[in-house]
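Worksheet: the structure to be examined is printed underneath.
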Amino acid sequence: MEFQQRLYELRKQSGLSQEGLADLLGVSRQAVQKWEAGTSRPDLDNLAALGRYFNVSLDYLVTGQEAQVSPSQATTTIVNNYYTPFHYEYKSKRTLFGLPLVHIRLGHRGMGVAKGILAIGNVAVGVFTLGGFSFGLLSVGGLSFGLLFSLGGWAMGALAIGGLAVGLLAFGGAAVGLFAMGGGAFGVYAAGGGAIASEIAIGGSAHAPLAIGQTAEGALTFGLNADPAAVAAAIREAAHGAPKFIQNILIFLAQNW
C-alpha cells in the first residue's frame with residue numbers, strides 16, 4: 001500500500017473530510033488532495049502532525065511498516081503526551097435551498113466554514129448563524145453581520161446590538177445608525193452619554209439641530225427639565241419623516257433621561 005492510500009484510509013477511519021484534515025493541519029484542501037493523489041508529499045512537519053493525530057509512527061506513514069528493533073539492543077521508552085487537536089463536524093443530510101438544515105463545524109485552528117440554515121462554527125454562514133465570524137439573516141458572533149438582526153462584539157445589521165453596533169437601529173457601547181443609542185451614539189437620531197445627530201440628539205451631551213440634554217448644542221435646545229409637551233411637539237416636527245415608533249421612542253427618552 002502506497003503512502004497516499006495509507007493517508008486516505010487513516011482519514012476515512014477518523015471520519016474526516018479532506019477539508020477537515022486540512023483545517024487541523026493548517027494547510028489548504030488542495031494540498032491534502034495532492035497528497036492523496038500521490039502528486040506531492042507532505043513535508044516533515046506535516047508528516048509529524050499526521051502521525052500525532054492518527055497515532056501512528058512516521059515509519060508506518062512513510063513505509064507502511066513499523067521500525068524493527070533488535071532484541072539485543074537496549075531500548076529506551078520515551079513517552080510523549082501530545083495534545084490531540086479538537087475537531088468536530090456535523091452536517092445534517094436534509095437540505096433546504098441547497099443548504100443543510102444544520103451544519104456545525106468547530107476546530108482549534110483554521111478557518112473552516114459552517115454553511116447551513118442553522119450554522120455554528122469558527123466561521124458561520126447561513127440563515128441563523130452563531131460563530132466567531134458570523135454572517136446570516138439572524139446572526140450572533142464575535143464579529144457579526146446579520147441582514148435582519150445582529151448581536152456581537154462588533155455587530156452590523158438592520159437591528160444591531162454590540163460593543164460596536166452599526167445598523168438602521170443600533171444599540172451599543174458605540175452605536176452608528178439611523179437611530180443610534182449607546183455610550184457614544186452617532187446617527188440621524190441619536191441618544192446616549194454623548195450623542196451627535198443630523199436631526200435630533202438626546203443625552204448627557206447632545207449636539208444636533210434639535211438637541212435635548214444636560215449639555216445641549218444646536219439650533220433649538222432643551223434642558224432635561226424642559227416642558228414635556230413642548231419637547232414632544234419639537235420632536236414630532238423635527239422627525240416628521242421618521243416612522244412613528246421612532247418618534248415615540250425619542251419622546252420617551254427625552255422625557256425620561
Side-chain heavy atoms of His103 within contact of Ser92, under 4.5 Å: no

Is the closest side-chain heavy-atom distance between Asn46 and Val27 below 4.5 Å? yes

Is any side-chain heavy atom of Val113 less than 4.5 Å from a side-chain heavy atom of Val125? yes

For Ala175 and Met181, work out which heavy atoms get closest and say how close. CB-O, 3.5 Å

So OG of Ser198 and CG of Leu178: to nearest 0.5 Å the spacing works out to 8.5 Å

Apply side chain to side chain contact (heavy atoms under 4.5 Å, CB included) to the pair Leu24 and Tyr53, showing each step before the final yes or no. CA-CA 9 Å; Leu24 289 172; Tyr53 183 78; 3.6 Å; yes

Applying salt bridge (Lys or Arg N to Asp or Glu O under 4.0 Å), name anything that partners Glu36, two or more places apart in sequence or on another chain. Arg11

Hey, does Lys34 have a side-chain heavy atom less than 4.5 Å from the side chain of Arg41? no

Output yes when Arg105 and Asp23 qualify as a salt bridge under the 4.0 Å nitrogen-oxygen rule, no when they do not. yes

How far apart are the C-alpha atoms of Leu50 and Leu25, what are their side-chain angles, what is the distance that settles it, and do they pass the side chain to side chain contact (heavy atoms under 4.5 Å, CB included) test? CA-CA 8 Å; Leu50 287 167; Leu25 298 175; 3.7 Å; yes

Does anything in residues 138-160 form a ring pair (Phe, Tyr, Trp, His ring centres under 6.0 Å)? List the pairs, not counting sequence neighbours. Phe135-Phe145

What verdict does the side chain to side chain contact (heavy atoms under 4.5 Å, CB included) test give for Ile246 and Tyr189, after you've listed the backbone C-alpha separation in whole Å, the side-chain angles of each residue and the deciding distance to 0.1 Å? CA-CA 9 Å; Ile246 289 183; Tyr189 310 104; 4.2 Å; yes

Are there over 12 heavy-atom neighbours, none belonging to Asn55, within less than 6.0 Å of that residue's CG? no

Please check if any side-chain donor atom of Ser144 sits under 3.5 Å from a side-chain acceptor atom of Ser150, or the reverse. yes

Can you establish whether the number of heavy atoms outside Gln30 located under 6.0 Å from its atom CD is more than 12? yes

Run the side-chain donor-acceptor check on residues 202-218: report pairs under 3.5 Å with partners two or more places apart or on a different chain.
| unit_1 | atom_1 | unit_2 | atom_2 | d |
| --- | --- | --- | --- | --- |
| Ser205 | OG | His207 | NE2 | 3.0 |
| His207 | ND1 | Glu217 | OE1 | 3.3 |

Is it true that a side-chain atom of Thr95 and a backbone atom of Gly98 form a donor plus acceptor pair closer than 3.5 Å? no

What is the distance from atom CG of Leu47 to atom CG of Leu58, rounded to the nearest 0.5 Å? 6.5 Å

Considering all heavy atoms of both residues, which atom of Ala201 and which atom of Ala195 are nearest to each other, and what is their separation? CB-O, 3.7 Å

Do Ile235 and Ile200 have side chains that approach each other closer than 4.5 Å (heavy atoms only, starting at C-beta)? yes

Quick check: do Leu151 and Leu159 have side-chain heavy atoms less than 4.5 Å from each other? no

Going by atom types alone, do His240 and Gln247 pair a side-chain donor with an acceptor below 3.5 Å? no

Rounded to the nearest 0.5 Å, what's the gap from NZ on Lys91 to CG on Leu99? Could you check? 9.5 Å

Is there a donor-acceptor pair under 3.5 Å between the side chain of Gln5 and the backbone N or O of Glu2? yes

Does the side chain of Val231 come within less than 4.5 Å of Ile251's, by heavy atoms? no

Distance col, row Leu130:CG vs Leu138:CG, nearest 0.5 angstrom, shows 12.0 Å

Heavy-atom closest contact (Ala124 atom, Ala119 atom, distance): CB-O, 3.5 Å

For Val140 and Thr129, run side chain to side chain contact (heavy atoms under 4.5 Å, CB included): C-alpha distance rounded to whole Å, both residues' side-chain angles, the deciding distance at 0.1 Å, then the answer. CA-CA 6 Å; Val140 178; Thr129 60; over 6 Å; no

Taking side chain as C-beta onward, heavy atoms only, is Val188 less than 4.5 Å from Phe179? no

As an exercise, state the distance from CD1 of Ile161 to CG of Leu169, rounded to the nearest 0.5 Å. 9.5 Å

Out of curiosity, does Tyr8 fall in the hydrophobic cluster containing Phe3 (side-chain heavy atoms, cut-off under 4.5 Å, transitive links)? no

Which atom of Leu250 lies closest to which atom of Ala239, heavy atoms considered: CD1-CB, 4.5 Å

Separation between CH2 (Trp35) and CD (Gln4), nearest 0.5 Å, reads 13.0 Å

For Ala190 and Ile196, the nearest pair of non-hydrogen atoms, with its separation, is CB-O, 3.6 Å

Closest non-hydrogen atoms of Leu21 and Leu7, given as atom of the first, atom of the second and distance, are CD2-CD1, 4.2 Å

Backbone N or O of Leu16 within a donor-acceptor pair of the Ser14 side chain at under 3.5 Å? no

Other residues, nucleotides and ligands only: do more than 12 of their heavy atoms fall within 6.0 Å of CG on Asn256? yes

